[in-house]
Asks: 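The structure's right below; bear with me while I get my questions together.
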Number of protein chains: 2
Amino acid sequence: MRDRSPRTASYSVDVVLMTAMGNELAVLFARNSTERERWSLPWRISQSGETLDAAAARVAQEALGESPIWMEQIGAFGDGKRHPSDADVSVAHMGLVPHETASPRAGYAWFSIGDLPPLSPRQRAMIETATRTIQGRLDQAPIAFRLLPATFTLSELQQMYELLLSKRLHKASFRRALQASWLVESIDEWRSEGRGRPAQLFRYAPKKRRRPQRGVRFDFLYP
Amino acid sequence: MRDRSPRTASYSVDVVLMTAMGNELAVLFARNSTERERWSLPWRISQSGETLDAAAARVAQEALGESPIWMEQIGAFGDGKRHPSDADVSVAHMGLVPHETASPRAGYAWFSIGDLPPLSPRQRAMIETATRTIQGRLDQAPIAFRLLPATFTLSELQQMYELLLSKRLHKASFRRALQASWLVESIDEWRSEGRGRPAQLFRYAPKKRRRPQRGVRFDFLYP
DNA sequence: GCGAATTAGTCACTTTATGCGACTAAAGTC
DNA sequence: GACTTTAGTCGCATAAAGTGACTAATTCGC
């Protein structure tokens, strides 16, 4: 590997790390080193010779001590002024972690999405985009599965979908659609949650299947 | 407007302008100023004080003399080396124009997507992302309508969808779904295309309607 | 002028997907 | 052991999508 001396780059790499905390989504923030009461999304000034994905992975690693199971770039943001760095542009990534296994390092903390700290407009836009991306890609990528532990009950899975979609789902329909998708596999374990019948545990194990070939959809309203 | 002296920024703004040319998608390229046989996507080095969207609009304007009807950022690209500029990172936008009204300025030309000139890996990735974005957002945004002239026949619309999806659609199903969507409106004009019954003209005129509230979809295969 | 060819547009029937209430099952609570 | 609670399934009703066959309006060949 060649060692090029890093030079000041005019863009930052920011990461929106999300988890499902209780009944709400939560985002990970880093405490500001100078103003102790200010928080911001974890970020770093990019270094030449590092890919965007690698930079984002490193930011996440520093915050959590581990890499998120799912990570995806959500775009470049340059319009809102006043980023914690002085960068003209920030490239944002979104990362998902199950809450059970995610313990932030010192100086980092989860904030529930309904109760965020004051932020720069640019970082606020990133979080807005991340939540919209989650909703929009829920049916195209295993978002919900990445927010759950490796094994889970079908009720937990349904509750995760309900949380992410902000709407109730019908149990029988949910399970029928899930069956048809060949995405999960039951394992020979049950979990008893105090009262009620114990639930069987499942894991995410997508199987080959024909891609459902539907006709056209016109699912947009405007414009 | 404040006049700040521009400084070298380490990112470029590139635009993937697309149109439907005959039976294929086509992308707009700019002739390289030094090597006359080389082509590249239109781009510019960003200037401080200009938003990303504004920079992209300006690049498109310079290439076409007009702004595309539809434009959307498709991400930041930093991994493939050797961009025409020396930028570490390039922010790419996608723009759509109807071919009928799109005449490139001198030094620019359309290349059919199946027959592209040699490109830097990074710009190749942008085009790849743009085509995937088109397919993925076809049912969520009026992509097909933006590639057609203001008035069109339903057969033309269906052919556009067939081109973008690379598959045949059934006429009756297509029209039934379109009716249900309240996206088009017939106008009192007919077009005769030589042989066959004349077709009524329509225009894109989305009407208010309830958002179709379906249950969950598990439409992904892997991962 | 007239039948064949061509493109537009619609209909009716079948198949598939989804919504939804009601049911059975297995545990804890009192 | 009756009641509550959560898990899991069944079956019917309704909605959406796939499909071939039909009618309609025009040009073309002769």
Side-chain angles (χ1 to χ4, degrees), chain A residues 23 138-140 148-149 151-163 165 167-203 209-221, chain B residues 23 138-140 148-149 151-163 165 167-203 209-221:
Chain A
N23 227 7
L138 201 52
D139 56 349
Q140 296 157 29
L148 286 171
T151 65
F152 47 83
T153 69
L154 295 189
S155 295
E156 285 169 348
L157 182 62
Q158 182 175 342
Q159 280 160 26
M160 181 63 72
Y161 269 94
E162 290 178 338
L163 190 167
L165 292 170
K167 75 175 181 197
R168 298 297 315 273
L169 299 171
H170 191 274
K171 184 168 52 161
S173 302
F174 181 83
R175 289 174 185 222
R176 181 178 37 201
L178 187 63
Q179 290 282 0
S181 75
W182 294 98
L183 290 176
V184 299
E185 168 180 283
S186 67
I187 63 177
D188 198 36
E189 277 179 63
W190 280 260
R191 174 188 300 163
S192 192
E193 208 67 77
R195 51 196 157 277
R197 169 176 171 178
Q200 187 163 19
L201 292 179
F202 288 76
R203 75 167 152 237
R209 59 170 169 135
R210 287 184 301 286
R211 181 178 288 277
Q213 280 286 37
R214 291 198 214 68
V216 214
R217 289 271 165 63
F218 302 97
D219 276 356
F220 49 98
L221 307 181
Chain B
N23 226 7
L138 202 51
D139 55 349
Q140 296 157 27
L148 286 170
T151 64
F152 47 83
T153 69
L154 296 189
S155 294
E156 285 168 349
L157 182 62
Q158 181 175 343
Q159 280 160 27
M160 182 64 71
Y161 269 94
E162 291 178 337
L163 189 166
L165 293 170
K167 75 174 181 197
R168 298 298 314 272
L169 299 170
H170 191 275
K171 185 168 52 161
S173 302
F174 181 83
R175 290 173 185 222
R176 181 176 37 201
L178 187 62
Q179 291 282 358
S181 74
W182 294 97
L183 290 175
V184 299
E185 168 179 283
S186 66
I187 62 177
D188 198 37
E189 277 179 62
W190 280 260
R191 174 190 299 163
S192 192
E193 207 66 77
R195 50 197 155 276
R197 171 176 167 178
Q200 188 164 18
L201 291 179
F202 288 76
R203 75 167 151 236
R209 56 170 171 137
R210 288 183 302 286
R211 182 177 287 276
Q213 280 287 38
R214 290 198 214 68
V216 213
R217 289 271 164 63
F218 302 97
D219 275 356
F220 49 98
L221 306 181

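Numbered from 1 within each chain, the chains take letters A, B, ... in sequence-line order.
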Asks: Of all nucleotides in DNA chain D that come within under 4.0 Å of a heavy atom of chain B, which is furthest toward the 5' end and which toward the 3' end?
Replies: D/dA17 to D/dT27
Asks: Working to the nearest 0.5 Å, report the span between CG of A/Asp219 and CZ of B/Arg214.
Replies: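 Separation between the atoms: 4.5 Å.
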Asks: With sequence neighbours excluded, what pairs up with A/Glu162 under the salt bridge (Lys or Arg N to Asp or Glu O under 4.0 Å) test?
Replies: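 A/Glu162: salt bridge (Lys or Arg N to Asp or Glu O under 4.0 Å) contacts with A/Arg168.
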Asks: Could you pull out the protein-nucleic contacts involving nucleotides 18-21 of chain C (nitrogen or oxygen on both sides, under 3.5 Å)?
Replies:
| residue | atom | partner | partner atom | Å |
| --- | --- | --- | --- | --- |
| C/dT18 | OP1 | B/Arg217 | NE | 3.3 |
| C/dG19 | OP1 | B/Gly215 | N | 3.2 |
| C/dG19 | N7 | A/Arg176 | NH2 | 2.8 |
| C/dG19 | O6 | A/Arg176 | NH1 | 3.1 |
| C/dG21 | N7 | A/His170 | NE2 | 3.3 |

Asks: Could you pull out the protein-nucleic contacts involving nucleotides 28-30 of chain C (nitrogen or oxygen on both sides, under 3.5 Å)?
Replies:
none

Asks: Base, sugar-phosphate, or nothing: which does B/Gln200 touch, judged by heavy atoms less than 4.0 Å apart?
Replies: sugar-phosphate
Asks: Over all strands shown, is B/Ser155 touching base, sugar-phosphate only, or nothing at heavy-atom distances under 4.0 angstrom?
Replies: sugar-phosphate
Asks: Taking the nucleotide of DNA chain D with the nearest heavy atom to each, does B/Phe174 or A/Glu156 sit closer to the 5' end?
Replies: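 It is A/Glu156, whose closest nucleotide lies nearer the 5' terminus.
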Asks: Among all residues two or more places apart in sequence or in another chain, which pass the side-chain hydrogen bond (donor to acceptor under 3.5 Å, both in side chains) test with B/Arg217?
Replies: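 None.
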Asks: Among all residues two or more places apart in sequence or in another chain, which pass the side-chain hydrogen bond (donor to acceptor under 3.5 Å, both in side chains) test with B/Glu156?
Replies: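 Here the qualifying residues are B/Arg191.
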Asks: Identify every side-chain donor-acceptor pair in residues 170-182 of chain A under 3.5 Å, counting partners at least two apart or on other chains, and give the distances.
Replies:
| residue | atom | partner | partner atom | Å |
| --- | --- | --- | --- | --- |
| A/His170 | ND1 | A/Ala172 | N | 3.3 |
| A/Ser181 | OG | A/Leu178 | O | 2.7 |
| A/Ser181 | OG | A/Leu183 | N | 3.4 |

Asks: Drop me the distance from A/Thr151's OG1 to A/Phe202's CZ, to the nearest 0.5 angstrom.
Replies: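 A/Thr151 OG1 to A/Phe202 CZ: 11.5 Å, rounded to 0.5 Å.
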Asks: Just distance, no hydrogens or angles: give the donor-acceptor pairs under 3.5 Å from side chains in residues 192-201 of chain B, sequence neighbours left out.
Replies:
| residue | atom | partner | partner atom | Å |
| --- | --- | --- | --- | --- |
| B/Gln200 | NE2 | B/Ile187 | O | 3.2 |

Asks: Under 3.5 Å, is there any donor-acceptor pair linking the side chain of A/Arg197 to the base of C/dA27?
Replies: no
Asks: Please find the pair of heavy atoms, one from A/Leu138 and one from B/Phe220, that lie closest to each other, and give the distance.
Replies: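 Distance-wise, the nearest heavy atoms are O-CE2, 3.9 Å.
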Asks: What is the distance from CG of B/Leu154 to C1' of C/dG9, rounded to the nearest Å?
Replies: 9 Å
Asks: For a quick test of reading the model, state the closest non-hydrogen atom pair linking A/Leu148 to A/Met160 and the distance between them.
Replies: CD2-CE, 3.6 Å
Asks: Between C1' on C/dA17 and CG on B/Asp219, what's the gap in Å once rounded to a whole number?
Replies: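 Taking CG of B/Asp219 and C1' of C/dA17, I get 12 Å after rounding.
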